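In this text, all values refer to a predicted model and were calculated from it rather than measured experimentally. Side-chain atoms are counted along with the backbone in the values below, which use heavy atoms only and exclude waters and symmetry mates. Count residues from 1 along the sequence.
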Amino acid sequence: MTDLKGRTAIVTGASRGIGLAIGQRLAEAGANVVLTSRDQESADAAAAQVNGNAIGVAAHVAEDGAARNCIDLTMERFGSVDILVNNAGTNPAFGPLIDQDHARFAKIFDVNLWGPLLWTSLAVKAWMGEHGGTVVNTASIGGMSSAPLMGMYNATKAALIHITKQLALELSPGVRVNAVCPGVVRTKLAEILWKENEDGMAAAMPLGRIGEPVDIAEAVAFLASDAASWITGQTLVIDGGQLLGGAAAFRSGADG
């Protein structure tokens, strides 16, 4: 049911971390994979790490011309865009909301929210609207809660969760749209959250560890496949139980 042979996937922000792991997993399932990064060298390096039919394309996620070029290249090379993973994200606005400026506000919303809208629109108009397809957005558990210094980032992810539901309705029944909501994952973008306190953070989680990129990739492959053919408009939380809260007191009670 997770066989993706004959399908083509675009993964934005795929030069490393979660995006690269998603590209690798989709290729393992048989898909042709297009990996995007801001520069061609990084995109090519990512494609070289994929065991399968993969190419890298330079494309800033929020630039209309670059996005159109990538969609056109994908159609010319593979003839379809069956799967779109809107994974690219940024967080230049770390800190209190009242200390942000418009430049950081514009950048984070352009990349984290406008990017997924732009690429989904182009993919639907180029292929999915007539032939069907699946879209998976990388949101975050931050879009479901509040956290110190993460207000702007979390606002973009909350908006992306809402847009996922809206698009699922607007594009039904031919295009399924879902989101994954990772917790703290071992990526460069999230280093500020885990690098100095990984052991303490892991100990507080019900499953006892922070996430790895492959944890998210497996979920995306499921949502992109026919195994999830009756799932749309949903947000799949992948956080090791983090949103449940600390597990230490429950473990102590069980031991007693």
Side-chain angles (χ1 to χ4, degrees), residues 12-13 16-22 61-62 85-117 136-166 177-220 223 233-252:
T12 67
R16 63 190 182 206
I18 290 172
L20 178 56
I22 291 170
V61 70
V85 183
N86 289 308
N87 175 74
T90 189
N91 186 16
F94 186 78
L97 285 176
I98 61 171
D99 291 339
Q100 304 307 316
D101 56 39
H102 184 260
R104 283 182 287 182
F105 175 92
K107 180 176 181 179
I108 196 170
F109 271 87
D110 271 355
V111 172
N112 293 2
L113 196 62
W114 173 243
L117 277 173
V136 182
N137 296 321
T138 302
S140 168
I141 61 169
M144 301 176 167
S145 59
S146 300
L149 310 178
M150 295 290 289
M152 194 69 74
Y153 179 84
N154 289 352
T156 67
K157 296 304 184 177
L160 185 57
I161 290 169
H162 175 80
I163 280 175
T164 296
K165 297 174 183 179
Q166 182 77 20
V177 187
N178 293 289
V180 290
C181 289
V184 178
V185 179
R186 194 186 308 281
T187 66
K188 186 173 180 60
L189 181 65
E191 273 186 346
I192 196 168
L193 301 177
W194 61 264
K195 195 167 186 180
E196 300 299 324
N197 187 37
E198 180 178 345
D199 291 343
M201 181 171 285
M205 290 184 179
L207 294 187
R209 65 175 177 86
I210 68 170
E212 303 292 344
V214 68
D215 294 318
I216 314 305
E218 292 288 355
V220 171
L223 289 173
Q234 300 305 304
T235 54
L236 177 56
V237 174
I238 314 160
D239 71 344
Q242 183 179 347
L243 282 182
L244 295 173
F250 292 85
R251 292 170 182 152
S252 298

Roughly how far, to the nearest 0.5 Å, is the [atom2] atom of [Y] from the [atom1] atom of [X]?
X      : Y      : atom1 : atom2 : result
Asp215 : Arg186 : CG    : CZ    : 10.5 Å
Gln166 : Leu160 : CD    : CG    : 13.0 Å
Met150 : Thr156 : CE    : OG1   : 8.5 Å
Asn112 : Leu117 : CG    : CG    : 11.5 Å
Ile22  : Glu218 : CD1   : CD    : 11.0 Å
Leu243 : Met205 : CG    : CE    : 9.5 Å

Is the side chain of [X] donor-acceptor paired with the backbone N or O of [Y] at a distance under 3.5 Å, no angle test?
X      : Y      : value
Asn137 : Asn86  : no
Asn154 : Gly151 : no
Asp239 : Pro182 : no
Gln100 : Ala93  : yes
Asn91  : Ile108 : no

For [X] and [Y], which heavy atoms make the closest approach, and how far apart are they?
X      : Y      : result
Phe109 : Met152 : CE1-SD, 3.8 Å
Val185 : Pro213 : CG1-N, 3.6 Å
Thr12  : Ala88  : OG1-N, 3.1 Å
Ala202 : Arg209 : CB-CA, 3.6 Å
Met144 : Cys181 : CE-SG, 3.8 Å
Ala219 : Leu236 : CB-CD2, 3.8 Å

*Would you say Val136 and Val180 make side-chain contact, with heavy atoms under 4.5 Å?*
yes
*Answer yes or no: is there a side-chain heavy-atom contact under 4.5 Å between Ile163 and Pro116?*
no
_I'd like to check the side-chain hydrogen bond (donor to acceptor under 3.5 Å, both in side chains) partners of Asn87; sequence neighbours left out, ordered by chain and number._
Thr138
*Identify, with sequence neighbours excluded, every residue that meets ring-ring contact (aromatic ring centres under 6.0 Å, His included) alongside Tyr153.*
none
*Using a strict cut-off of less than 4.0 Å between a Lys/Arg side-chain nitrogen and an Asp/Glu carboxylate oxygen, indicate whether Lys107 and Asp110 qualify as a salt bridge.*
no
